[in-house]
Structures are given as C-alpha cells and as structure tokens.
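First the structure, in the form of structure tokens, and then the observations on it.
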Amino acid sequence: MNKTMGILAHVDAGKTTFSEQLLYHTNSIKKRGRVDHQNAFLDSHLIEKQRGITVFADQGIIEYGDSTYYLIDTPGHVDFSPEMERAIQVMDFAIIIISAVEGIEGHTETVWNLLKKHQIPTFFFINKMDRIGAAVQHVLEEIRSQFTIDACDISSFNDSGMSEELIEFIAERDEELLDYYMDKGYQSALWMEKMQEMIVSSRLYPYAYGSALQDNGIKQFFDRFDQLTKTTYTKDEPFAGMVYKIRYDEAGTRITFLKAISGTLHVREELTYGNGEVEKITQIRKYNGNQFQQVNEGLAGELFAVTGLTNAVVGDGVGEMQEKAVCELVPTLRSKVVFEAGINKKDALKFFRILEAEDPSLQVTWEEKQQNIHLHVMGKIQLEVLQEIVLERFSLQVNFDQPEILYKETIETKTIGYGHFEPLRHYAEVHLQLEPGKRNEGITFESACHSDDLSIANQNLILQHLFERDHHGLLTGSTLTDVKVTLLTGRAHNKHTHGGDFREATFRALRQGLEKAQNRLLEPYYFFKIKVDIEQMGKVLADVQMAHGTFDTPETVDNKAMITGKVPVATFMEYSTILASFTQGKGQLSLTFAGYFPCHNEQEVIDRLGYDKNADPAYTSSSIFCAKGAGYTVPWEEAEEMMHCLQKG
C-alpha cells in the first residue's frame with residue numbers, strides 16, 4: 001500500500017527532528033541527523049544546513065509493514081509557504097507538529113487552513129514534552145478551540161486494541177455507531193475499521209505527544225499511524241497524475257516530480273500534459289533525500305520523478321488527469337534584482353526562469369524598457385535565501401531592492417469596451433462588457449455572443465487571450481482583477497482574419513472599457529489574530545487603528561485578550577517585532593493572507609508609482625481601422641462610433 005505523508009509545523013516546532021526519528025526507526029537511515037549538527041537527512045541542501053531551516057520540500061522513502069511511505073518534510077517558515085502548499089496537494093495524510101511549550105503559532109493556523117481546504121486527513125503530534133514549560137493540556141485546549149473538537153487521544157492505544165474511552169469518543173460522533181456501541185459494546189474489530197474511515201473523511205483527528213529530540217513517543221505514534229491509515233490506489237486504470245515539483249539537477253536536466261493517482265507509467269511511454277502537449281518519458285527516478293535510483297515504471301500512489309517533459313509546470317495534470325492545481329498562498333511583495341556592473345541581465349534572466357520553473361510563485365518579469373528583472377516574494381528571508389541560491393547554483397552575485405507591496409486594480413462601474421484591429425490584410429472586432437466581479441475571485445468570463453455573429457472557435461480565441469496573461473490596470477499598471485467580462489459580439493473576416501488579430505482586438509476592447517470605468521486600486525490585507533494580556537489590549541487596538549485596520553469585538557478569558565480583524569499588509573508586515581517588544585515576547589500574533597481590498601492610501605500610491613497609461617508598451621486603448629489601403633489609428637474616445645458590429649450592448 002502506497003501512502004504519502006507530510007510533516008508540517010511552524011518553524012522550530014521540531015518537524016525535521018521528528019522526520020529523522022521516523023526514518024531511523026523504520027531503518028530508512030542508519031544514523032539520526034540533527035538540524036543543529038547540519039546533518040539532517042532531508043535538509044540536504046547547503047543553504048538548509050547553514051541556516052538550520054527547511055527551505056525545500058524533499059522526500060524520504062519508508063518501507064514499513066505492508067506499506068511504502070513517501071515522507072515529505074515541508075518548510076515551516078512563512079516565507080516558503082508556497083513550497084509547502086504545493087507539497088500538501090499530493091499528500092494522503094498530514095502530521096502537524098505542535099510545540100508543547102509555544103502551542104499553536106501563526107504559521108500553524110495557515111497549515112491547518114490549507115489542510116482543511118485540500119481535505120487532507122490530519123494527525124497531531126505535540127512535541128517538546130521534555131522542555132520546561134511544556135503544557136499538553138493547554139495545547140489540547142487550543143487545538144479544540146481553534147481547530148477541531150474532534151481531536152482524539154491515540155496514546156492509550158496498545159497492542160491489544162483501543163481503549164473503551166476512545167471507542168466511546170468515536171461512537172459519540174456517529175448515530176449508527178452509538179447504537180452499535182450500546183448494543184455490542186467495545187469488543188469488536190469493527191471499531192478499527194470505523195476509525196480508519198472517519199480519519200480519511202476528516203471526522204476524526206488523532207493526536208499523541210512526546211519528544212522528537214529525546215526520541216520519546218515517536219515509534220509508538222508511528223505504529224498507531226500505520227494501523228489507522230489506508231489508501232485505495234489502483235494500477236488497473238489508465239495513468240493519471242499531477243506535477244507537484246520541478247527541479248534542475250547539477251547537469252542542468254529538468255526533473256519533473258509526479259504523484260501518480262492511478263495506473264502505471266513506463267519509461268519510453270508518451271505522456272500527455274498541460275494543454276495537450278505530448279512527450280516521451282526518458283527516465284523514471286525514485287528519490288530518497290538527494291539520492292535516486294532509476295526504475296522502469298511508476299505505480300499508482302507513488303511519488304517519482306521523470307525526465308523528458310520539457311514544458312510541464314507545477315500543478316499540471318498528466319495523463320488522464322485534466323485538472324490543474326491552484327495554490328492559495330501568493331506573494332504580496334515585489335522586488336527588483338540588482339546586478340553588479342558588467343553583468344549581462346538577459347543572460348541572468350535565464351537563471352531566474354529556471355528558479356521560476358521550480359517556484360512558480362516567483363512570477364519573474366522582464367521589463368524591456370528599463371532592462372530590469374522583478375520577482376514576487378513572500379518576505380525578506382526568502383530574498384536572503386534566493387541571493388545564496390543564485391550564488392551557489394549559478395555563480396552570480398546579486399542583491400535585491402527593498403521589497404514593495406504588490407498592488408492590484410479593479411473597476412467599480414459597469415461599461416462596454418470596444419476593440420477593432422484592421423491594419424491592411426488583418427481584421428478582428430470585439431465588444432466586451434466589463435462589470436465589477438466578486439472580491440478576490442479574479443477575472444471571470446462568459447459569452448453572450450451568438451455563433452451566427454462570431455464562430456465558437458473565434459469566441460474561444462477571445463477567451464484564450466483574456467486568460468493567457470495578467471492585464472494591466474490604468475492607475476498603476478498593476479494586475480487587473482475581480483472583473484466579470486462578457487463577450488457581447490465580435491466580427492471576423494473570411495479572408496483577412498489571421499492569428500493574433502483577435503488578441504489585438506481583445507486587448508484593445510479591454511483597455512477601452514477600462515478608460516470609461518471607475519477604476520480602484522487594491523492592496524493585500526492580512527487576517528490577524530493577536531493574544532495579549534488584558535492590560536495590553538488598548539495599545540494593540542490603537543496600533544490596529546493606526547495601521548488602517550479593523551477589528552472585531554475582543555474576547556477576554558481570564559487575564560488574556562484575543563483580538564481578531566483585518567489590516568493592510570503594508571502597514572502591519574513588521575508588527576511582530578513591535579508586539580514582541582512591548583509584551584516581552586509573550587504576545588502571540590497570527591497573520592494569514594485575507595485577499596485584496598481597496599487601498600487605504602490610493603492616491604499616494606498612484607503618485608509614487610507614476611504609471612503612464614499612455615506609454616505602456618504592452619497595451620493601447622486605441623483601435624486601428626483601414627481606409628484607402630492603409631491602417632490608421634482611432635483614439636479610444638472616438639472608436640465606439642466607428643465599430644462595424646451593429647450590437648453595441
């Protein structure tokens with residue numbers, strides 16, 4: 001039985017040490033490593049050893065009982081959250097490590113919310129029981145109040161079976177099981193099967209406790225984990241899988257990591273992926289840490305890597321799987337790469353494209369006019385690590401500008417945009433209705449165009465062009481979002497419409513509509529949760545108001561206050577340092593990405609960024625018409641009256 005298990009935690013909760021103990025107890029490694037000794041098996045990269053943190057989601061293989069486990073040790077630092085989320089999407093089960101001293105911390109909540117979103121069955125291990133200040137009962141209260149009331153203790157499990165207390169806990173969560181318990185009692189093999197089912201369906205969340213550093217409780221926990229988990233992969237179906245990681249090895253070979261969902265994949269077999277691309281698999285590799293062995297086939301339920309796929313991207317479905325995975329955690333900062341004198345920036349761009357393939361959240365952009373490279377990041381620690389990676393892998397010394405907030409733009413009024421593209425021997429016209437969309441849902445599209453006016457193929461072309469790239473807003477040139485686009489009508493020419501004509505007309509229609517709409521600048525916000533002593537509550541509330549945030553009615557228990565609300569990233573991204581200062585490190589802060597909302601200082605940002613909408617090389621609001629054998633430009637204000645289609649909305 002193949003099972004993929006992920007180990008997740010807030011940084012420094014003991015996640016990597018826990019993973020080392022699992023690998024050692026299952027004879028997967030001969031010697032236990034330690035983060036502080038720079039010899040942890042899964043922190044094999046030089047940067048991870050030097051910094052003592054996990055940066056990359058690497059995997060180990062465990063053979064135990066009748067199962068093969070693919071163990072993924074994920075980053076615990078918030079700056080590397082996208083790497084963690086990509087790994088979550090291929091997990092069958094997750095283990096959240098929580099420190100018995102610190103309890104639930106900010107990033108732990110992010111982890112929990114992602115696991116819930118992706119419906120990953122989850123276990124808890126309360127770690128660091130050997131430390132002064134360890135308080136299991138307090139952590140359990142936090143789990144039950146902040147995460148789930150369905151957390152159950154499996155430490156009372158023994159070789160003779162489940163305790164009556166645990167069986168009662170299970171029975172109370174299912175009416176049929178409660179009747180069965182009242183009738184049959186707890187002497188039945190049924191309970192193990194029911195518990196497995198309830199874990200898989202996320203109705204039960206088992207927990208245990210111990211110390212990874214002292215090797216206390218790890219083996220017992222994993223024995224219970226092995227008993228309580230099951231998967232149902234089948235190799236007797238067509239092959240289907242998902243790309244969850246891209247890496248380039250030292251020889252520059254592109255390695256594509258797959259999770260097989262069904263079927264079997266063989267070397268030399270052709271594989272369909274992405275938008276229908278087909279390429280031949282030249283190698284299949286099974287990785288254990290940074291070592292691999294070549295095999296002839298990959299089976300359902302396994303994690304393995306292949307060579308031969310030159311354009312696959314993280315999240316692509318392969319084989320029979322058509323869905324593309326989407327990540328929720330996105331960077332809110334943007335930074336410019338700063339080069340030393342004499343560096344060819346376009347040559348350096350190739351290196352950053354490699355890094356972008358490995359981490360799509362970087363969204364590397366090249367500005368031709370300024371000859372600059374920009375990328376999206378989660379925070380300053382990520383920039384420090386990127387600087388080390390670029391030097392180590394590409395022997396290139398770079399710096400980064402102070403990261404800036406990533407803004408977006410939307411509209412607040414409904415309008416119609418018209419685009420016409422008719423230079424000599426070309427022709428396309430598009431009419432688009434633009435209206436405000438739902439907040440944080442991006443661009444959506446529907447067609448109200450009749451196929452008699454514009455063929456379905458051309459309508460699909462317009463759809464394709466709308467989603468082939470991010471579009472610039474008019475205020476700052478930031479990405480356009482939260483707009484519903486409806487295709488009203490359009491026109492092609494049997495002889496003169498060529499490839500690319502509808503791209504030109506579509507972009508011009510979009511831009512012309514934005515010119516007439518009321519545009520708004522959006523900025524990223526955090527959801528925050530702050531826990532402080534009651535006497536410190538007033539300062540926190542004042543700080544939130546000063547940061548242009550809002551808060552809910554605070555909750556007070558004993559001498560503690562819990563404050564929740566929403567606040568701009570720009571004004572609150574450094575607040576953890578301030579909170580630690582006036583609470584002597586005892587205040588707790590949890591920040592999770594809330595989405596994009598109207599900017600609190602819109603005009604100030606517009607003035608500072610200084611975007612000229614009329615000098616954007618990628619966009620124009622004007623249309624091109626043809627007369628006397630030559631194309632001529634018509635400004636956006638006059639274009640509407642010259643459109644060829646009768647329907648104008």
Contacts of Glu356 that satisfy side-chain hydrogen bond (donor to acceptor under 3.5 Å, both in side chains) - sequence neighbours left out: Arg353
Non-neighbouring partners of Ser395 that pass side-chain hydrogen bond (donor to acceptor under 3.5 Å, both in side chains), sequence neighbours left out: none
With sequence neighbours excluded, tell me which residues meet salt bridge (Lys or Arg N to Asp or Glu O under 4.0 Å) with [X].
| X | answer |
| --- | --- |
| Lys613 | Glu515 |
| Glu358 | Arg393 |
| Lys245 | Asp58 |
| Glu302 | Lys286 |

Extract all donor-acceptor atom pairs below 3.5 Å that involve side chains of residues 372-383 and protein atoms in other chains or at least two apart in sequence.
unit_1 : atom_1 : unit_2 : atom_2 : d
His374 : ND1    : Arg334 : NH2    : 3.4
Gln382 : OE1    : Met378 : N      : 2.7

Contacts of Phe304 that satisfy ring pair (Phe, Tyr, Trp, His ring centres under 6.0 Å) - sequence neighbours left out: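 Expected list: none.
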Residue list, side chain to side chain contact (heavy atoms under 4.5 Å, CB included) with [X], at least two apart or on another chain:
| X | answer |
| --- | --- |
| Ala615 | Asp612 |
| Val569 | Thr332, Ile405, Pro524, Tyr526, Met573 |
| Gln397 | Glu340, Gln387, Leu391 |

Inter- and intrachain pairs under ring-ring contact (aromatic ring centres under 6.0 Å, His included), touching residues 96-116, at least two apart: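 Sorted pair list: Trp112-Phe124, Trp112-Phe147, Trp112-Tyr205.
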